[in-house]
Amino acid sequence: MYIMRMLLFFPVISYITTLTMYAAVDIPLVPPVHLKKYGIHDYNAASQNWDLSISPEGILYVGNNSGFLTFDGNNWMNYELPDRSAVLRVKWVNDTVYTQSETSAGYWLPNGMGRLDYHPLDSLPAHAGFADPLEGLPPTLSEEIQQQKPSAFATIDSMHIIGTLAHGIYVTNEKADRILLHFSTLMGLPNNIVHALCVQDSFSVWAAFDDGLAKIYFLPAFRLLGTRNHIGMLQDVAVHEDMLYIRTNTNYYKRKPASGDAFTPVTEQEALPCFSSDRQKEERSVSDLIGDSIEDPELLYMERAYPISARRYWLTGKNEALLVAEEANRMRISYRILFDNYNLNLVRKGKQIVSFNDSLHIVSTIQGVLLINTNLLPEALSNKGLPFRFTRIQYKDSKGVHALNPRSEKIYLPHDFHELTIYAGSSVFDPNSQISYKIADVSPDWSDWQNDGKITLLQLPEHEYKLSVRKHTGQGDFPEITMHIHVCPPWYKTFWAYLCYALLLGSLTGINTYSYLKKQKRKEAYLLSVERQKMQQLKNEMLEAELENKKNELIKQTSIFTRKGMIMNTLLEELERQKKILGERYPSTLYIRMRSLMEKVLNDHGDWIAFEAYFNSAHQNFTERFRQQYADITTGDLRICCLLRMNLSTKEIASILNVSVRAVELRRYRLRKRIGLDSDTNLVDFLMNF
């Protein structure tokens with residue numbers, strides 16, 4: 001607590017010291033306080049504001065003459081009451097906002113489109129009672145403040161903040177018996193009539209005025225040590241023995257950075273040795289520091305690098321400064337300063353930043369010399385868990401304005417929309433916060449930084465786009481958020497339209513070709529019949545040729561089969577003859593072996609399988625048809641049938657089957673009986689015609 005009080009009193013002490021110094025040496029120095037004003041052109045409502053309330057998520061609610069205002073850190077929204085009366089009191093309670101107007105009371109709840117809906121009440125509930133704006137006001141106010149008619153009161157740690165109806169805002173000590181700061185229109189307030197005060201956090205407070213709004217930031221980390229109007233344009237900076245030396249276009253000056261002293265002129269003989277010896281931390285280019293291949297897009301626009309310590313640097317580019325730390329060969333951004341938000345501009349020539357030590361850093365701006373104390377920078381944003389999100393989406397076409405759900409991951413737009421407006425915001429009201437966006441399919445580059453969260457896109461062609469939005473604050477970076485935007489094609493480019501085109505084209509083509517097809521139908525039918533006849537004739541000829549080839553092959557195979565049988569029978573006869581001649585001299589084992597081999601060749605089952613295959617191919621599966629009609633036919637009888645159908649003689653059949661002629665005749669007799677053939681029918685003719 002003691003440290004926090006010291007941090008908060010740091011700007012106060014500096015400011016009082018500055019006032020004393022201003023009176024003594026006529027060098028006006030700016031205290032470490034930043035004041036941000038909002039007028040009717042910012043929030044697009046009436047100028048007069050009556051009350052303020054802030055939710056724990058950081059959303060600001062304002063009672064205004066035009067109704068009820070909200071602010072999410074980037075975007076303002078204005079809600080009118082049904083009777084368009086002024087909202088005099090506003091209070092956030094448990095996700096509900098209660099308002100009191102001149103004529104009625106009610107509450108507001110969010111809908112699914114990113115807006116608040118109004119619900120009237122006959123009377124406010126007890127938990128929604130509005131507090132007295134002067135509640136807690138110390139009785140020991142100075143007479144000066146009491147004369148200015150106190151109208152609002154707030155407390156930040158040990159500081160009391162009192163708004164008045166006559167002369168702006170006073171900041172006092174804890175006992176309220178001493179004025180530490182006084183803000184009026186001379187100090188940048190939009191108006192001196194204060195209607196309400198509301199504390200945002202331990203470093204900032206909101207104020208509602210008779211003409212506008214303002215937020216006061218107590219920034220102990222920033223101090224403007226001297227203005228250009230009094231010391232000239234800074235050209236170089238040097239640090240020697242805890243003393244800051246500067247060279248401007250008018251003279252040499254020195255002072256202690258952390259003290260309340262002003263810059264005092266010194267001679268060139270005193271200052272010049274300090275500049276010549278202060279070369280241990282020369283500036284470098286960013287490409288020299290981290291190489292030409294910069295992977296982090298946040299560092300692409302950085303130009304200069306100023307070492308602080310072994311692995312800490314200030315990087316500058318455009319009108320920004322990044323405090324970075326090197327970790328695992330990558331640069332991690334610790335803090336970002338957008339000088340535009342402080343109405344400051346970095347010099348383009350000469351040194352921009354000089355580190356006095358690890359925490360105190362001198363920044364050269366066109367407006368003067370700025371001191372930054374990194375030990376007093378705000379808490380990192382990553383520790384606060386505050387969301388950055390799309391808060392409202394609407395598009396405009398010829399039929400009017402239409403709202404879309406901002407929580408949708410993908411939105412659909414008609415092809416003829418005129419304007420798409422997307423609002424992105426967070427609850428961090430940092431004076432150093434801005435947003436940037438890009439649409440990858442339109443441009444690979446990020447847009448320029450902008451203070452408000454309103455993104456306007458005009459008449460995108462039909463396509464699917466990816467919108468990426470980023471936000472940076474002095475307290476850190478928000479994660480990038482994205483949304484997919486699908487611009488639908490016009491009706492005449494839809495699937496159903498193309499289907500209709502295809503059907504219409506098909507109908508026209510059918511009508512145009514119908515008459516031609518009708519005329520050609522008879523001719524084609526005649527030609528087709530002639531062609532079929534030719535094809536059938538050719539097919540018959542091919543079948544006949546194929547059948548003839550098969551018959552020739554069968555005859556060939558049968559001839560080989562017959563000749564083989566005759567040869568083997570001759571060999572058997574010769575074997576028998578030799579056995580008779582030689583008698584006992586012919587070894588029985590050889591005789592039996594030779595006869596067995598010959599009989600095996602004669603009765604080779606594989607030859608009959610091949611023969612049957614050729615036979616069935618040439619005679620339309622004769623054996624299968626014969627088996628189906630005469631199921632009890634034997635294999636031997638079936639072979640007799642096949643050989644008889646080939647019109648072979650009894651002798652040839654006997655030779656093939658390795659049997660006697662008498663045996664063949666007996667088989668023919670049994671076959672006739674088996675198939676039930678009468679005596680008047682010739683067996684061969686029957687088999688030939690089967």
Side-chain angles (χ1 to χ4, degrees), residues 5 8-19 22 28-39 42-43 47-54 60-64 69 71 89-90 131-220 222 342-343 429 431:
R5 290 183 178 181
L8 291 173
F9 270 106
F10 181 81
V12 176
I13 296 172
S14 302
Y15 177 73
I16 295 173
T17 305
T18 299
L19 294 179
Y22 176 82
L29 300 180
V30 180
V33 174
H34 179 79
L35 192 147
K36 175 70 173 176
K37 294 188 295 185
Y38 298 90
D42 297 305
Y43 52 75
S47 60
Q48 198 169 37
N49 299 283
W50 296 101
D51 199 10
L52 300 167
S53 182
I54 294 181
L60 176 69
Y61 303 99
V62 183
N64 182 272
L69 308 180
F71 185 48
R89 304 301 303 273
V90 60
D132 183 356
L134 290 174
E135 183 179 353
L137 183 68
T140 57
L141 289 179
S142 66
E143 185 176 350
E144 177 185 348
I145 298 177
Q146 291 179 3
Q147 290 177 353
Q148 306 306 326
K149 301 178 181 179
S151 57
F153 175 76
T155 298
I156 294 182
D157 198 36
S158 59
M159 292 189 300
H160 292 325
I161 304 167
I162 301 104
T164 68
L165 296 176
H167 208 5
I169 299 173
Y170 291 85
V171 179
T172 72
N173 61 359
E174 190 171 9
K175 295 182 179 180
D177 58 357
R178 181 181 176 187
I179 298 175
L180 303 177
L181 291 169
H182 176 213
F183 299 96
S184 65
T185 53
L186 296 177
M187 294 290 291
L189 291 185
N191 188 262
N192 280 334
I193 303 175
V194 182
H195 292 301
L197 294 172
C198 185
V199 174
Q200 172 77 40
D201 50 40
S202 59
F203 288 96
S204 57
V205 61
W206 283 90
F209 298 91
D210 209 52
D211 184 10
L213 296 163
K215 187 174 184 182
I216 301 172
Y217 299 86
F218 299 95
L219 302 173
F222 298 90
Y342 299 100
N343 298 319
F429 306 156

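Quick note: numbers below take in every heavy atom, side chains included, and nothing from hydrogens, waters or symmetry partners.
- Between His195 and Trp50, the ring-plane angle classifies as tilted under the 30° and 60° cut-offs.
- Atom CG of Leu165 sits about 7.0 Å away from atom CD1 of Ile193, to the nearest 0.5 Å.
- With hydrogens and angles disregarded, a donor-acceptor distance shorter than 3.5 Å links the side chain of Asn49 to the backbone of Gly212.
- In this structure, the side chains of Leu213 and Asp42 stay at 4.5 Å or more apart for every pair of heavy atoms.
- When all heavy atoms are compared, the tightest approach of Pro133 to Arg89 is CD-NH2, 4.3 Å.
- Partners of Ala207 under the side-chain contact (heavy atoms from CB on, under 4.5 Å) rule, at least two apart in sequence or in another chain, are Ile169, Leu197, Phe209.
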- Message: Run the side-chain contact (heavy atoms from CB on, under 4.5 Å) test on His167 and Asn192 for me, step by step, so that the C-alpha distance in whole Å, both residues' side-chain angles and the decisive distance to 0.1 Å come before the verdict.
- Response: CA-CA 5 Å; His167 208 5; Asn192 280 334; 4.0 Å; yes

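- How far CG of Leu137 is from CD1 of Ile145: 9.0 Å, rounded to the nearest 0.5 Å.
- In this structure, the side chains of Val194 and Ser151 come closer than 4.5 Å at one or more pairs of heavy atoms.
- For the atom pair Ser142 OG and Lys175 NZ, the distance stands at 15.0 Å (nearest 0.5 Å).
- When every heavy atom of His160 is checked against every heavy atom of Pro138, the shortest pair comes out as CD2-CG, 3.7 Å.
- Here the closest heavy-atom approach between residue Pro150 and residue Leu141 is recorded as CG-CD1, 4.1 Å.
- We find the CD1-CZ distance between Ile216 and Phe183 to be 4.5 Å, quoted to the nearest 0.5 Å.
- Asp211 approaches Ser47 most closely through the heavy-atom pair OD1-CB, 3.2 Å.
- Contact detail for Cys198 and Ile54: the closest heavy-atom pair is SG-CG1, 3.7 Å.
- In this structure, Thr185 contributes its side chain and Leu189 its backbone to no donor-acceptor pair below 3.5 Å.
- With values rounded to the nearest 0.5 angstrom, Ser204 atom OG is found 14.0 Å from Lys36 atom NZ.
- Below 30°, between 30° and 60°, or above 60°: for Tyr170 and His182 the angle between ring planes is below 30°, a parallel geometry.
- Residues Thr155 and Val199 are not in side-chain contact: their nearest non-hydrogen atoms beyond the backbone lie 4.5 Å or more apart.
- With hydrogens and angles left out, the side-chain atoms of Gln148 and Glu144 include no donor and acceptor closer than 3.5 Å.
- Distance check: Leu180 CG to Met159 CE gives 8.0 Å after rounding to the nearest 0.5 Å.
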- Item | Residues Leu35, Met187; criterion side-chain contact (heavy atoms from CB on, under 4.5 Å); working and verdict | CA-CA 9 Å; Leu35 192 147; Met187 294 290 291; 5.9 Å; no

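- When the options Tyr217, Tyr38, Tyr61 are evaluated for a ring pair (Phe, Tyr, Trp, His ring centres under 6.0 Å) with Trp206, the one that passes is Tyr38.
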